[in-house]
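Note on naming: letters A, B, ... go to the chains in the order of the sequence lines (proteins, then strands), and numbering restarts at 1 for each one.
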Amino acid sequence: MPELPEVEVVKKSLKNKIIDLSFRKVLINTNKLRYTINKDLNKIITNKKILSIDRRSKYILINLEKNITILTHLGMTGKFFLVDKKKIHSKTSFYYKISNRDKKHNHVIFFLNNDTKLIYNDIRKFGFIKIISTKDISKNKHLETLGPEPLSKKFNLGYFEKKASNKKKNLKNILMDQSFVAGLGNIYVNEILHLSSLNPYKSIKKLDIKDVKKIIYFTKKILKKSILEGGSSIKNFNNSDGKDGVFQQQFKVYGRNNKKCTKNYCKGIIKKSIISNRSTFYCIRCQK
DNA sequence: TTCTTTGTTCCGGA
DNA sequence: GTCCGGAACAAAGA
């Protein structure tokens, strides 16, 4: 599923391809996503130019002329495909196949004014597309409660101590808390705690400064690394037209139930448990 | 049939 | 009153 690095890569890819273009029309095949799509979407964005594209947490914001912003979230299985009509030469061509992949889940098709179309495909329909007013972004209910971006300077030792030290939560839950730090999903929280050699059940109150420094360091490190790898995997794919933004990652702990710990010096076993309804993987030996 | 996934909301207990 | 964790919900596929 798309995690923060994938969303960042999708944002960058869209930025390179669709800025300064305008929408010619929008076709809604299915309006029942996480939220019902505004039935006037076509009317609202047709002939509007795309000015800029931002990411906040795992949300993508496409800012248009006239104070219009498309706020979108990919949920679990959302993807954007950018399909260039000029490159589809035959039904056996790569671009044709891409544009017809999982076609029944192509819920929204945005036609752009350069003969390309941006397809929103979402198997599980947990994502959404909303229209909001650009000037009200900071007041939006999805965005206003979010904590700092994990890659920003605001997410630092001082912030962690100030915001978390009086809480009773365990480590896993505080890192999953979107109002504490925005955009870390289940997979990355598992990976960060493994890299930090810290147990997901450990109470925040029992952390020392060294632990907190490790968490912050590894959070930034793994996100940056994944963004770079995602960027290069798209590059190696030789186009961003068909790339769905979800790239195969090498996870060190997530999904490795009953397998050996991936750290060279550790011969522990990775165990799976459930914390707040989310699958949690950790090494019973090195994560203390 | 059951399990999985995310973000959000609701609820009961501390 | 507030904080916390667990349950439920949406959809579809394995």
Find the distance [X]:[atom1] to [N]:[atom2] and express it as a whole number of Å.
X	N	atom1	atom2	answer
A:Leu74	B:dT6	CG	C1'	12 Å
A:Lys141	B:dT9	NZ	C1'	9 Å
A:Asn166	C:dT2	CG	C1'	12 Å
A:Lys167	C:dC4	NZ	C1'	10 Å
A:Leu171	C:dC4	CG	P	13 Å
A:Leu33	B:dT6	CG	C1'	15 Å
A:Leu175	C:dC4	CG	P	14 Å
A:Asn186	B:dT4	CG	P	12 Å

I'd like to know if the side chain of A:Tyr254 pairs up with that of A:Ser279 as donor and acceptor (distance under 3.5 Å, no hydrogens or angles considered).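 Their side chains do not contain a donor-acceptor pair, so the 3.5 Å distance test is not met.
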A:Asp122 side chain to A:Thr77 side chain, donor-acceptor N/O pair below 3.5 angstrom: yes
Please check if the number of heavy atoms outside A:Lys205 that lie under 6.0 Å from its NZ is greater than 12.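 For A:Lys205, atom NZ is crowded (more than 12 foreign heavy atoms under 6.0 Å).
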More than 12 heavy atoms from other groups under 6.0 Å of NZ on A:Lys225: no
Select base, sugar-phosphate, or nothing to describe what A:Phe128 touches, counting heavy atoms under 4.0 Å on all strands.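 Nothing, no nucleic acid heavy atom in range.
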Considering every strand and a 4.0 Å limit on heavy-atom distances, what is the contact class for A:Thr77: base, sugar-phosphate, or nothing?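 The answer is nothing, as A:Thr77 stays clear of every strand by at least 4.0 Å.
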Are A:Tyr159 and A:Phe180 an aromatic pair by the rule of ring centers under 6.0 Å? yes
Look at the side chain of A:Lys169 and decide which nucleotide, out of B:dT5, C:dG5, B:dT4, has an atom nearest to it.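 Nearest to the side-chain atoms of A:Lys169, counting from C-beta on, is C:dG5.
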Candidates C:dG5, B:dT6, B:dT5 - which lies nearest the side chain of A:Asn170: C:dG5
Give a yes or no on whether a salt bridge exists between A:Glu149 and A:Arg55, defined as a side-chain N under 4.0 angstrom from a carboxylate O.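 So A:Glu149 pairs with A:Arg55 through a salt bridge.
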Just to confirm, is there a sub-4.0 Å distance from OP1 or OP2 of B:dT4 to any side-chain nitrogen or oxygen of A:Tyr254? no
Where do N or O atoms of nucleotides 7-13 of chain C meet protein N or O atoms at under 3.5 Å, pair by pair?
| residue | atom | partner | partner atom | Å |
| --- | --- | --- | --- | --- |
| C:dA7 | N7 | A:Asn277 | ND2 | 3.2 |
| C:dA11 | O4' | A:Arg124 | O | 3.0 |
| C:dA12 | OP1 | A:Lys125 | NZ | 3.0 |
| C:dA12 | N3 | A:Arg124 | NE | 2.7 |
| C:dA12 | N3 | A:Arg124 | NH2 | 3.4 |
| C:dG13 | OP1 | A:His105 | NE2 | 3.2 |

Using a 4.5 Å cut-off on heavy atoms from C-beta on, say whether the side chain of A:Leu51 contacts that of A:Glu65. yes
